[in-house]
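Note sheet for the following structure.
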Amino acid sequence: MSLKTSYYCIIKKNIMLLLYLVIFFSFNNIVIPQTSKLSLIKKTFSKAEILKNVFPDSSVFHFQKTILRIDSCLSLNKSENTDSLLIYKILSKERIGKIFHQQNKFFLAQNYYQDALNAAKEIEHDSLTAENYFNLGEICLENGSYLDAINNYKDALKLYKSIKYTEGVYWTDIGLGIIYRKCGNSELSKYYYEKAIEIGKKKKDPFYLAVAYNNLGNLNRQMGSYEKAREYLQISLEQCKAAGNPLYIADCNHSLGDLLKEYKDYERALEYYKTALDLAEKQNDEYRLFSYYASIASVYLLLDKNEDALFNFSKSMELAKSVGDKGRLSEILLLISEFFNKNHEFESTNKNLNKALSIAEEIGDSISIASALLEITKLNYNKKKYDFALNNATRAFDISTQKEFFKIKEESALYLSKIYSYKKNYENAYKYFKIHSAINDSLINVEKIKVIEETEAKYNLAQMEKEKLSAANEALLSETKLNNRNLILSLLAIFTIFTLVYLIRYIVKRRKEKEINEQKSKRLKHKIDIMQSQLDAKNRELTTKAMLISDNNKIFEEISEVIGDYLEGGSDEKNELRKLRNNLKDSYKEKHWEDFVKHFEEVHPNFYKKLLELNSHLSPNEQKICAFLRMNLNTKEVAQITHQSIKGIEVARSRIRKKIDLPKEESLTGYLQKI
């Protein structure tokens, strides 16, 4: 077929396809009634709804398909179904936004939420408008855009209240409480949390109460009110267990771990954190996991378990990249800087502190800003950079005073006192020391710890009573069922007898097998002992041979030197003597060593092959030294055999370690003996 003919066929096929599409769409738009199209749109939307929790990507496809069908329908003509179609379009965009939100694709989610919000405003649908304001608030909160989050939450709250949607009001109150807590406004944070508690009490919903009390407990911990924090967190845990939500049970355990860490009860804090981690892992909740790993790492750091701390920090940082929570990322960087500081890696400490401060300032996270400034103060104070430390300590003190971060205020006041004392400004030094002492006295003391332990003991006792009552009920229920089981037990008795006979025979057989195995083990051990003694004898023989070779070499060297002196005298037989000297050199340099290598390979087969696999550039002298070390000879003995100095052998050992890339902490002799 010619190119022209082929091109003509392609054009013909494309024209036929275009004609088919025109007929198809005309048929759909003219023949299918509007009501049928609405039914088809509802069907596609329902399919997407069903798939969203199981196959989210397929769900997105069907939601987008729903939007395309709606746009196609709306572009033809206006009808009585226009409002319904627009609502389905808004819902589809909002659902796609939520799927992307759950996948931590915040930018895409925000775009779909914004589109849905704009469309909802156009048709003046208050419920959908409020929902999308709330969704945008959630996205902004997780991105650290706190001002935008507050504005969106407040717009949502206003609409939720106007349509009397209590659930929306509750979650918006919680969101606002979290933002104001992060921004350091404890009064407003407390106000919104208490509003949420009022809703939970009215609805008598344990889940609502659990979430609100947990957040209120965290706020009080941040403010230094540890007794109230413990009280609220304990209530939250009880309500969570009543509600049966595993993720919020995890949150409560994590919050209790945070509180116990403040009390320096690190072992118990670690138990609570690990309980929270187990629950989050079962639910595969990445957002919680990256936070929990960071908390566990911080406790291991305080317990001087650096390897465990580093492992959990790395796990947290891996998850932080996918989650994208800037606020929590700033907190993790602060913890990592503490790790580097404890290990005296001050450059890495400073780098992570400045990065944490930069992120915290970007999102306006006051607690992280103050914490970063305090840690920078400590670092520079230890470096004796007092002016720089003074500036950062002053900023930390001012922020913590304004935002009521008592723990940070107490520490920054202490460092200000130290710095001013160094500068001989004793008036300011005394002033800040008084502030430090006053706050320190008001924080943790023995009585508070007792209150906490008593509260926990009461809670555990109540739990035991509940478990005891539950066990009694189960026992009563079991007793009523016992009579119905008697017939089954009678039949089982016969089966049990046969089973016991079989088990007895099996046990006897296993005992005999065990005795046989023990005898085999003894024989094998005896054989190993014999082989070990033979190996020791061979090694001794090798050592003797090496010494003999060394002595012969020494004699040959002396003879060679005498012959050399004689040759210098100018004798007529010097050619014959020169040949004799060269033969002697060849003999003591190669022949005896080859005999030794052959004998060595019989005792330690494939040693040289494996050694050269580690590094093929080992010199003959280095190979000899490796062989002697394999025989468990020490440096002094090797020096005697090779007629080298002890210093020379030590230098050679260092070269060998470098060539085979052996870590400093591992013994070269021990490593070679494993080959």
Any Leu333 side-chain heavy atom under 4.5 Å of Leu357 side chain: no
Any Tyr133 side-chain heavy atom under 4.5 Å of Asn151 side chain: no
Gap between atom CG of Asp308 and atom CZ of Phe311 - 0.5 Å precision: 8.5 Å
Pairwise distance CG(Asn428) to CG(Leu416) - rounded to 0.5 angstrom: 8.5 Å
Backbone N/O of Leu373 and side chain of Thr377: donor-acceptor pair under 3.5 Å: yes
Contact summary for Ser412 and Ser400, nearest pair of heavy atoms: OG-OG, 4.0 Å
Donor-acceptor contact present, side-chain Thr401 to main-chain Phe397, <3.5 Å: yes
Least distance between heavy atoms, Leu334 atom then Ser371 atom: CD1-CB, 3.7 Å
Student check: side-chain heavy atoms of Asn185 and Ile179 closer than 4.5 Å: no
More than 12 heavy atoms of other groups within 6.0 Å of Tyr430 OH: no
Test item: Ser298 and Lys261 side chains (from C-beta on) under 4.5 Å apart, heavy atoms: yes
Distance-only donor-acceptor check, side chains His436 and Ser417, under 3.5 Å: no
Derivation of the side-chain contact (heavy atoms from CB on, under 4.5 Å) call for Leu233 and Tyr213: CA-CA 6 Å; Leu233 291 174; Tyr213 274 116; over 6 Å; no
Straight-line distance of Lys674 NZ to Ser667 OG, nearest 0.5 Å: 8.5 Å
Polar side-chain atom of Asn220 near backbone of Leu216 as donor-acceptor pair, under 3.5 Å: yes
Side-chain donor-acceptor contact under 3.5 Å, Thr275 with Asn253: no
Minimum-distance pair of heavy atoms, taken over all atoms of Tyr420 and Ala429: CB-N, 3.7 Å
Exercise: identify the closest heavy-atom pair between Ile408 and Ala396: CG2-O, 4.4 Å
Minimum side-chain heavy-atom gap Leu270-Ile296 below 4.5 Å: yes
Pair Lys378 + Glu338: basic N to acidic O under 4.0 Å: no
Pairwise salt bridge (charged side-chain N to carboxylate O under 4.0 Å, His left out) hits with a residue in residues 288-307, at least two apart: Asp251-Arg288, Asp285-Arg288, Asp304-Lys342
From CA spacing to verdict: side-chain hydrogen bond (donor to acceptor under 3.5 Å, both in side chains), Asp258, Tyr273: CA-CA 8 Å; Asp258 286 341; Tyr273 284 151; 2.4 Å; yes
Lys418 to Tyr415 six-membered ring, cation-pi geometry met (6.0 Å, 45°): yes
Side-chain heavy atoms of Tyr160 within contact of Glu131, under 4.5 Å: yes
Ser316 side-chain N/O to Phe290 backbone N/O, donor-acceptor pair under 3.5 Å: yes
Polar side-chain atom of Gln222 near backbone of Arg181 as donor-acceptor pair, under 3.5 Å: yes
NZ on Lys274 to CG on Leu277, rounded to 0.5 Å: 9.0 Å
Derivation of the side-chain hydrogen bond (donor to acceptor under 3.5 Å, both in side chains) call for His101 and Tyr112: CA-CA 10 Å; His101 193 165; Tyr112 275 99; over 6 Å; no
Salt bridge Arg653-Glu650, side-chain N to carboxylate O under 4.0 Å: no
Phe433 atom CZ, over 12 foreign heavy atoms within 6.0 Å: no
Closest contact, heavy atoms only, Gly137 versus Ala149: O-CB, 3.6 Å
Residue pair Ala276 / Ala250: nearest heavy atoms and the distance that separates them: CB-O, 3.2 Å
Check: Ile660 and Tyr671 side chains under 4.5 Å, non-hydrogen atoms: yes
Distance (rounded to the nearest 0.5 Å) between Ile369 CD1 and Ile359 CD1: 11.5 Å
Any donor-acceptor pair under 3.5 Å from Ser189 side chain to Ser186 backbone: no
Intermediate values then yes/no, side-chain hydrogen bond (donor to acceptor under 3.5 Å, both in side chains), Tyr153 and Glu138: CA-CA 8 Å; Tyr153 276 138; Glu138 293 281 281; 2.3 Å; yes
Stepwise side-chain contact (heavy atoms from CB on, under 4.5 Å) test for Tyr426 and Ser421: CA-CA 6 Å; Tyr426 299 116; Ser421 179; 4.3 Å; yes
Euclidean distance, Lys52 NZ relative to Ile99 CD1, rounded to 0.5 Å: 7.5 Å
Taking distance alone, no hydrogens or angles, what donor-acceptor pairs closer than 3.5 Å link side-chain atoms of residues 168-177 to residues at least two apart or in another chain?
residue, atom, partner, partner atom, Å
Tyr170, OH, Tyr208, O, 2.4
Thr172, OG1, Gly168, O, 2.6

Residue pair Ile150 / Tyr180, side-chain heavy-atom distance below 4.5 Å: yes
Under 3.5 Å: donor-acceptor pair, side chain of Tyr193, backbone of Asn214: no
Between Glu262 and Tyr226: side-chain donor-acceptor atoms closer than 3.5 Å: yes
ring-ring contact (aromatic ring centres under 6.0 Å, His included) involving Tyr293 - partner list, sequence neighbours excluded: none
Polar side-chain atom of Arg657 near backbone of Lys664 as donor-acceptor pair, under 3.5 Å: yes
Any pair counted as side-chain hydrogen bond (donor to acceptor under 3.5 Å, both in side chains), so long as it reaches residues 346-359, sequence neighbours left out: Asn350-Asn354
Candidate pair Asn632 and Gln673, rule side-chain hydrogen bond (donor to acceptor under 3.5 Å, both in side chains), full reasoning: CA-CA 8 Å; Asn632 204 23; Gln673 287 178 350; 3.0 Å; yes
Pair His254 + Tyr272: ring centers closer than 6.0 Å: no
Qualifying salt bridge (charged side-chain N to carboxylate O under 4.0 Å, His left out) pairs with a residue from residues 198-209, counting only residues at least two apart or across chains: none
Verdict with supporting geometry, Glu238 and Gln234, side-chain contact (heavy atoms from CB on, under 4.5 Å): CA-CA 6 Å; Glu238 290 171 4; Gln234 204 66 63; 4.3 Å; yes
Of all pairs that satisfy side-chain hydrogen bond (donor to acceptor under 3.5 Å, both in side chains), the ones with a partner from residues 379-399, not counting sequence neighbours: Glu361-Arg395, Asp387-Lys423
Worked check of side-chain contact (heavy atoms from CB on, under 4.5 Å) between Ile656 and Leu668: CA-CA 9 Å; Ile656 293 166; Leu668 176 60; 4.2 Å; yes
